Amino acid sequence: MDNAKIARFFEETAEILEILGENPFRVRSYLNAARAVRDLNRNAAAAAKAGEDLTAIPGIGESIAAKIGEIAATGRLKYLEELKEKIPPQLPSLLRISGLGPKKVKLFHEKLGIDSIDSLEKAAREGRLDGLEGVGEKTVANLLKAIGNRRKGEGRFRLDAGRAAAETVIAHLKKTPGVDRLVAAGSIRRWSETVGDVDILAVGKPGGPVMEKFTGHPEVEQVLAKGQTKASVRLDGGLQIDLRLLPADQYGAALLYFTGSKDHNVALRKLAQEKGLKLSEYGVFRGKKSRAGREEKECYRSLGLEWIPPELRENRGEIEAAANGKLPRLVELENIRGDLQMHTTATDGANTIAEMAEAAAGLGYEYIAITEHSRAVRVAGGLDETALTKHFKEIDKVNRRTRKITVLKGVEVDILADGGLDLKDRFLAECDLVVASVHSRFNLPEGEMTRRLVKALRHPRVHILGHPTGRLILDREPYGFDLDEVFKVAREEGVILEINAHPSRLDLNDIHARMAGEKGVKLCVNTDAHSTAGLEMMTYGIHIARRAWLTGKSIVNTLELKALLKTLR
DNA sequence: GCCGTTTTCGGCCCGACTGTTTTCAGTCG
Ligand SMILES: Nc1nc2c(ncn2[C@H]2C[C@H](O)[C@@H](COP(=O)(O)OP(=O)(O)OP(=O)(O)O)O2)c(=O)[nH]1
Ligand SMILES: [Mg+2]
Ligand SMILES: [Mg+2]
Ligand SMILES: [Zn+2]
C-alpha cells in the first residue's frame, strides 16, 4: 500500500476525533503522522513489514507505529473502523464546507440529527438552526452560501490556473495609491502542483484604499472577509483570493508567514520559542523588542538559519539543513540546455520541427529532441517505423539549415500492455533518443504494471521513462505499481526518469522525484510540448525538481550536448 | 498522541476576522 493511502487512514481518524470533541492536540498528532507518512522517502508499509522501528520518524510514536503495522499487515485499521461506528458516514464531509468546523458539526448532529449536507441545508432553510447556541441569522445565511459554493465544486486548482489568476489580481491592484509592492505568496510561491487559493501580499500603509479596490474587483462574486490587514474574496468560478496588507518594515516576516507552508511556519515558530524568541508575521521578537522583519533573510538569520528557497518550505528537513549549512544548491532554469520530449505537426503537435527548433534556440537551448508518438497511440496520430524514418529525414534537413541548435531524432515509444515496445528494436537502435511511456491499459493489477514497466526499463534501447506514473493532476490517479522497484531497476539499467513539466502532469511529482534522486537515479525535465508555447512550461518542471531537492547534477538536460550523448550511450 | 542538553508531565504557533457575545468562541490564514 502506498504512503498516501496510509496517510488517509490517519486523516480520516483525525476528522472523526475532531467531531467527537477530542483533544485538539491529539487530533493534530494524527494529522502530523499522516504528513510524516506521506512525505516519507520510502514505503511505510514495506518498512513496517521489514521490522523497521517507525518511531524513529518524527511525529510517529508507539501508538501510530503500531497502527501502521496493522495497516501493512491487514490493509485495515480497527481503531478507525470503530470510530466510524460512532458517527454517520457523511458527517466528516461537512467539515469541507467553509466556515463550518468540528464544533458546529457536532452541535448540528447532536441537537438536530444532521447527517449530511442535504439534511443540513434543509434544516437551515426551515429555520431549525436558529436558536441553537451561537447561531444567529447571519450564521445561517453564510452557511447556505457556503453550501451553495461547495455544490458548485470548490476545490483545488492547477498551479498554472492559480498563477494566471494571481497575475490578474496583482495587475488590478498595481497602481493603487499606498501600495508599494505586490507579490504572490502561499502555495503559488512554493510552486505546489495544485493550489487551494491564491495568496497575495501587499506592502503599504495599513488602512489604505487597497482593501476596497480588492473587494471591488469586477470578478468578485462574494466577499468572504474584510478587515484592516486582511481580506478574502471568492471569484466567479470559485477561486478564492486572500490578500494580506503589511508595512514595508515587516515585509520579510510577512512574506515568510504568508509563503508558508503552515508546517514550515509552525516548525520555525517552535524553533524561535526554543531560542527564547517569538516569530509571527510581524517579525522576530525577543520580548517586545523586534529582532528582524524587513527581509526574509534577516528573519531566518535571527533564528540561526540560512535563507530557505520557498520550494523547500514544506517541513521536510529543510530547517535542519538550513541550520547546518546543508541546503542543496537547487537546479535553476538557466542550467537547462535542452528539452528532450516534444511533438510536432507530424502527430498531434501544432508546430513544425523547424518552428520548434527556432523557438527552442530562442530559449537559449543547445539541443532538443523531437519525440513523436508511436503507432499504438492512435488518438495522437502515432507514427510507424516508415513514417518515423521519413520524419527523421526532415530533422536532418532542419539540422543542416541551422547552426543554432541540434535537433535529436527521438521517439516516444508506447509501452504495450505486456511491457513490449511499439516499435521494432532495429528501428529504435537508429534513434538518438528513445522515451518510453505508458498511454493505455492503466488499470492493470499492481504486480503486472510493475512487470510491464520493468520490462520496458530493461529494454536495451530505452533511455528515458516518460511521465512515469501517468497521473493527470486533478483528473486521473497514477497507475499503481511498485515505485521502489522501478527506481531500483532504473538505476541498474541507467534509465533516466522524466519529470514531465506540463502543469497537467508534473510527473514524477516532487516527493517521488526526490526519492529517485536520493537513490541515485538520473532524471530529466521535459516539457512534452505540443507547440512552441509549450516549451515555456519548462519552468514548472524545474520548480518541481527544486521541490525535490535536486541539483543540476542529477538532471541530464543540464549537460552539454556531448556529455548528454555520452550519457545516453 | 507526541515529545524532551532546562521537562517523562504538561506543554503543543501565533494572529485576524466574524458573529453573537458583554468578554469570547469558532474558524481560518
Ligand atoms: N503560522 C501559521 N501560518 C499559517 C497557518 N495556516 C496558513 N498559514 C500561512 C502559511 C500558508 O502558506 C499561508 C497561506 O495559507 P493557505 O491556507 O492559503 O495555504 P497554502 O497557500 O500554503 O496552501 P493552499 O494551496 O492554499 O491550500 O498562510 C497556520 O495555521 N499557522
Ligand atoms: Mg493558499
Ligand atoms: Mg489562503
Ligand atoms: Zn506521452
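Note that the coordinates shown come from a computational prediction; the quantities given were computed from them, not determined experimentally. Naming convention: chains lettered A, B, ... in sequence-line order (proteins, then strands); numbering from 1 in each chain.
B:dT6 and B:dC2 have their P atoms separated by 23 Å, with the value rounded to a whole Å. Taking atom P in both B:dC12 and B:dT18, one finds a spacing of 27 Å when rounded to whole Å. Using C1' as the reference atom, B:dC13 and B:dC28 are 14 Å apart when rounded to the nearest Å. Rounded to whole Å, the separation between the P atoms of B:dG1 and B:dT7 comes to 25 Å. Taking the P atoms as reference points, B:dT23 lies 22 Å from B:dA16, given to the whole Å. Between B:dG15 and B:dC9, the distance separating the two C1' atoms is 28 Å to the nearest Å.
As rounded to whole Å, 13 Å separates atom P of B:dT21 from atom NZ of A:K138. The nearest whole Å value for the distance from the CG atom in A:L246 to the C1' atom in B:dG29 is 12 Å. The interatomic distance linking A:Q250 (CD) with B:dC14 (P) rounds to 17 Å, in whole Å. Between A:R26 atom CZ and B:dC12 atom P the separation is 19 Å, expressed in whole Å. Rounding to whole angstrom units, CD1 of residue A:I97 and P of B:dC28 are separated by 10 Å.
Among the heavy atoms of the strands lying under 4.0 Å from A:K226 are primed sugar atoms or P, OP1, OP2 only; no base atom is included. As judged by a 4.0 angstrom heavy-atom cut-off over every strand, A:V27 is placed among residues making no nucleic acid contact. When heavy atoms are screened at a 4.0 angstrom cut-off, A:Y257 is found touching base atoms of the nucleic acid. Counting any heavy atom pair closer than 4.0 Å across all strands shown, A:N23 reaches a base atom.
OP1 or OP2 of B:dC13 has not a single side-chain nitrogen or oxygen of A:R269 nearer than 4.0 Å. Within the structure, a side-chain polar atom (N or O) of A:T229 is placed less than 4.0 Å from OP1 or OP2 of B:dC17. When the side-chain nitrogen and oxygen atoms of A:Y282 are compared with OP1 and OP2 of B:dA16, one or more of them lie within a distance under 4.0 Å.
Crowding of A:R181 atom CZ: a count of heavy atoms from other residues, nucleotides or ligands under 6.0 Å not exceeding 12.
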Filtered N/O pairs between nucleotides 3-8 of chain B and protein, under 3.5 Å:
unit_1, atom_1, unit_2, atom_2, d
B:dC3, OP1, A:G59, N, 2.6

Which pairs, protein N/O on one side and nucleotides 22-25 of chain B N/O on the other, fall under 3.5 Å?
none

Counting only pairs under 3.5 Å, give me each side-chain donor-acceptor contact of residues 107-115 of chain A, with atom names and distances, residues two or more places apart or in other chains.
unit_1, atom_1, unit_2, atom_2, d
A:H109, ND1, A:I114, O, 3.0
A:E110, OE2, A:K106, NZ, 3.4
A:D115, OD1, A:S119, OG, 3.1

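Applying the side chain to side chain donor-acceptor pair (under 3.5 Å) rule to A:K488 yields no partners; only residues at least two apart in sequence or on another chain are considered. In this view, A:V179 and A:T176, A:L182, A:V210 satisfy the side chain to side chain contact (heavy atoms under 4.5 Å, CB included) rule, not counting sequence neighbours. In terms of the side chain to side chain contact (heavy atoms under 4.5 Å, CB included) criterion, residue partners of A:K275 (sequence neighbours excluded) are, by chain and number, A:L271, A:L277.
Both cation-pi conditions hold for A:K67 and A:Y79: the charged atom is under 6.0 angstrom from the six-membered ring centre and inside a 45 degree cone around its axis.
Base pairing annotation: B:dT8 forms no Watson-Crick or G-U wobble pair, as no partner gives both donor-acceptor distances under 3.5 Å.
With hydrogens and angles left out, the side-chain atoms of A:N41 and A:E518 include a donor and acceptor closer than 3.5 Å. Between the side chains of A:Q222 and A:N149, at least one donor-acceptor pair of N or O atoms lies under 3.5 Å.
Classification of B:dT7 as syn follows from a glycosidic angle within 90° of 0.
Between the side chain of A:R313 and the main chain of A:I308, a donor-acceptor pair closer than 3.5 Å is present.
The base of B:dC12 does not come close enough to the side chain of A:R28 for any donor and acceptor atom to sit less than 3.5 Å apart. One cannot find a donor-acceptor pair under 3.5 Å joining the base of B:dG29 and the side-chain atoms of A:D197.
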Exercise. Let me see the working for A:R8 and A:E11 under salt bridge (charged side-chain N to carboxylate O under 4.0 Å, His left out), right down to the final yes or no.
Key: CA-CA 5 Å; A:R8 281 300 305 156; A:E11 284 160 355; 3.0 Å; yes
